[in-house]
Amino acid sequence: MGHTSVLSTRRISPRGSPPNLRRTPPKFRKVLVLKEKRPAEIEDPVMDELLLSSKLKRVDSATGCVSPRVASSDALPIPAPTTPRQAQKAPKTPYVILPACDAFEKFRSIRRVSVDIGGTLIKVVYSSVTDEELPEESLNGNTRKYAYEDGKRVLVNFKKFTDLDRLINFLKEIWTDRKSGDTIHCTGGGSYKYSEIIMKELGVRLQRTDEMRSLIFGVNFLLSTNVDESFTYHHDAVGRNKFQYRPIAADLIYPFLLVNIGTGISILKVDSPTSYERVGGSSMGGGTFMGLGSMLTPAQNFDELLEMANRGDHRNVDKLVCDIYGGAYDELGLKADLIAGSMAKCNRFGELPKKQAHKPEDIAKSLLLMVSNNIGQMAYLYGTRYNLKRIYFGGYFIRQDPITMRTLSFAINYWSKGEIEALYLKHEGYLGAMGSFLDEDGKLDD
């Protein structure tokens with residue numbers, strides 16, 4: 001049995017950048033995405049803006065304490081500028097400001113580039129330097145130092161590609177001072193498959209980092225460094241209340257379960273920054289959604305398939321409990337609108353061949369729910385097996401899509417009776433690339 005029927009879904013955001021990018025005012029906003037520009041939906045605010053709102057609640061994952069995302073009364077005072085500051089310029093890509101410390105000081109003079117080449121997407125994380133104060137610095141109450149003595153700040157920037165040629169052309173544009181002795185950090189299956197091409201085209205060495213190790217490095221770093229990295233989704237809430245930041249103190253992060261959804265699925269139990277174990281997985285992940293979607297619908301890419309799913313009505317193709325029993329099955333506690341069989345209404349055996357075909361939007365919706373439901377139930381089972389109360393979902397499958405997040409959250413809450421929490425990550429698709437960026441112990445290819 002599956003998840004309760006989704007009767008209406010309001011489009012929250014077009015697919016694109018992780019919600020950490022500064023935005024221009026809504027009336028004049030052009031939505032920036034990692035792949036290509038897509039028109040903004042005027043009637044709906046983008047989720048990036050919601051997640052950056054100073055009115056969005058923070059609910060501490062360990063204590064349950066609620067606080068707004070504004071500077072606290074006991075925070076360090078903000079010194080008044082002695083001279084007017086010019087208008088701030090946000091970087092052209094989504095970014096995170098690195099704390100000013102010895103570990104990251106070298107990136108003030110040396111650019112670091114890391115790439116995670118998966119079976120579907122290529123994710124890039126690279127450093128840059130700015131001497132301008134950025135909005136995120138004041139959101140945490142000015143309790144963390146971001147600027148070095150000379151006023152410089154080091155950022156990590158995030159970008160994705162769908163093919164290797166575009167990646168290489170982009171890196172040639174931004175990494176103009178690279179030398180033959182420089183190194184690009186690389187992880188994922190493509191770090192083996194495309195290593196020779198990358199080294200030849202860029203004229204640098206390649207340092208390969210272990211995929212699982214990079215994944216753990218990335219999620220550990222972002223959870224402990226980027227205060228508002230994780231959030232929960234609440235479908236029945238209104239407006240900004242649909243999203244709540246779920247920060248947690250660095251010493252209380254562990255243990256947790258990480259469900260990384262890429263082409264397939266890997267499930268990892270993380271006990272500490274250095275102790276983790278892959279406890280399970282599945283072949284039915286983002287690759288399944290894309291593969292079946294490309295066969296069953298006219299969608300040309302992942303984004304189009306998700307757009308179709310947002311417009312579809314899965315009840316036209318899924319068989320519900322009420323379709324079998326005429327209503328709810330009270331003896332088993334099954335609601336009438338629970339999915340009994342995904343795409344079961346598509347069965348044409350024994351019927352006339354002229355029967356009208358099902359709409360591709362409905363098929364896309366059913367397919368998304370089918371994959372998401374299975375991921376949610378599997379995550380719950382592993383969480384229960386290891387007695388873990390927090391499950392983080394990563395990988396570029398989710399894309400902060402409201403249908404996917406609602407389905408996963410419903411599944412975790414339904415099966416655990418509210419005892420396990422489903423959490424999402426701003427930089428969900430960049431965990432491996434972020435970890436490879438930080439890993440200094442990879443295998444070097446010349």
Side-chain angles (χ1 to χ4, degrees), residues 2-3 61 116 118-121 123 187-189 209-223 229-233 246 248 253-291 368-401 404-436:
H3 139 317
S61 285
D116 178 5
T120 305
L121 294 171
K123 289 78 68 177
T187 191
T209 60
D210 178 75
E211 189 170 0
M212 289 300 109
R213 174 183 164 101
S214 295
L215 193 66
I216 298 302
F217 272 30
V219 69
N220 286 341
F221 173 80
L222 289 169
L223 285 176
E229 178 63 32
S230 66
F231 62 95
T232 51
Y233 178 75
R246 302 291 288 189
I248 187 168
I253 291 176
Y254 311 98
F256 63 85
L257 196 72
L258 174 62
V259 180
N260 193 58
I261 313 169
T263 302
I265 301 168
S266 287
I267 299 179
L268 299 103
K269 181 170 72 77
V270 185
D271 296 310
S272 75
T274 57
S275 176
Y276 58 89
E277 177 186 5
R278 186 183 187 275
V279 294
S282 172
S283 62
M284 195 169 76
T288 305
F289 178 63
M290 291 183 67
L368 180 60
L369 292 178
M370 180 181 71
V371 173
S372 300
N373 270 321
N374 278 276
I375 294 172
Q377 186 173 20
M378 183 171 59
Y380 153 74
L381 291 172
Y382 278 101
T384 301
R385 177 181 178 184
Y386 294 104
N387 195 30
L388 300 173
K389 302 303 182 184
R390 287 175 294 110
I391 300 177
Y392 291 97
F393 290 93
Y396 222 89
F397 170 74
I398 299 173
R399 308 278 190 102
Q400 289 111 27
D401 179 71
T404 308
M405 291 190 296
R406 181 192 180 186
T407 306
L408 292 172
S409 296
F410 176 90
I412 297 297
N413 184 70
Y414 177 85
W415 292 109
S416 73
K417 296 180 171 58
E419 293 185 2
I420 301 177
E421 189 173 40
L423 298 113
Y424 306 96
L425 301 165
K426 286 183 178 181
H427 302 89
E428 60 188 14
Y430 296 93
L431 305 182
M434 185 71 247
S436 184

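Keep in mind that the numbers below use all heavy atoms, side chains included, and drop hydrogens, waters and symmetry copies. Starting from 1, each residue takes its place in the sequence as its number.
Remark: side-chain polar atoms of S409 are not paired, donor with acceptor, to backbone N or O of A422 under 3.5 angstrom. Side-chain atoms of R390 come within 3.5 Å of backbone atoms of P255 as a donor-acceptor pair (strictly under, hydrogens ignored). Side chain of R213 to backbone of G435: no donor-acceptor contact under 3.5 angstrom is found. At least one donor-acceptor pair under 3.5 Å links the side chain of S230 to the backbone N or O of R246.
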Could you give me the CA-CA distance, side-chain angles and deciding distance for D401 and Y233, then say whether side-chain contact (heavy atoms from CB on, under 4.5 Å) is met?
CA-CA 10 Å; D401 179 71; Y233 178 75; over 6 Å; no
Between Y382 and V259, is a side-chain contact (heavy atoms from CB on, under 4.5 Å) present by the stated rule, with each step listed?
CA-CA 10 Å; Y382 278 101; V259 180; over 6 Å; no
Could you please spell out the steps behind the side-chain contact (heavy atoms from CB on, under 4.5 Å) verdict for L222 and L425?
CA-CA 9 Å; L222 289 169; L425 301 165; over 6 Å; no
Candidate pair W415 and T384, rule side-chain contact (heavy atoms from CB on, under 4.5 Å), full reasoning:
CA-CA 10 Å; W415 292 109; T384 301; over 6 Å; no
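In this structure S372 satisfies the side chain to side chain donor-acceptor pair (under 3.5 Å) test with no other residue, sequence neighbours excluded.
Between H427 and Y430, the ring planes are perpendicular. Angles over 60° get that label, and only those under 30° would be called parallel.
Closest of all the heavy-atom pairs between A379 and L257 is O-CD2, 3.6 Å. Between G432 and S214, the closest heavy-atom pair is O-CB, 3.4 Å. The two atoms that bring Y254 and P273 nearest to each other are OH-CG, 3.3 Å, heavy atoms only.
Taking CZ from F256 and CG from L268, the interatomic distance works out to 9.0 Å, rounded to the nearest 0.5 Å. Considering CG of L423 and CZ of F393, their distance stands at 9.0 Å, rounded to 0.5 Å. For the atom pair CD of E229 and CD of E428, the computed distance is 9.5 Å after rounding to the nearest 0.5 Å. Rounding to the nearest 0.5 Å places CG of N220 at 8.0 Å from OG of S272. To the nearest 0.5 Å, atom CZ of residue F289 and atom CD1 of residue I261 are 12.0 Å apart. Atom CE of M284 and atom CG of N374 lie 3.5 Å apart (nearest 0.5 Å).
Side-chain contact between L408 and I398 is present, with at least one heavy-atom pair separated by less than 4.5 Å. Using a 4.5 Å heavy-atom cutoff, the side chains of K269 and L388 are in contact. When side chains are defined from C-beta on, Y380 counts as touching I412, because their heavy atoms get closer than 4.5 Å. Proximity of L223 to Y392: side-chain heavy atoms (C-beta onward) are separated by under 4.5 Å at one or more points. You'll find the side chain of V219 stays beyond 4.5 Å of the side chain of N260, heavy atoms only.
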Mind listing the side-chain donor-acceptor pairs of residues 274-281 below 3.5 Å, one per line with the distance, residues two or more places apart or on another chain?
residue	atom	partner	partner atom	Å
R278	NE	S266	OG	3.1
R278	NH2	I265	O	3.4
R278	NH2	S266	OG	3.4

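Between K389 and E421 there is no salt bridge, since none of the side-chain N atoms of the basic residue sits less than 4.0 Å from a carboxylate O of the acidic one.
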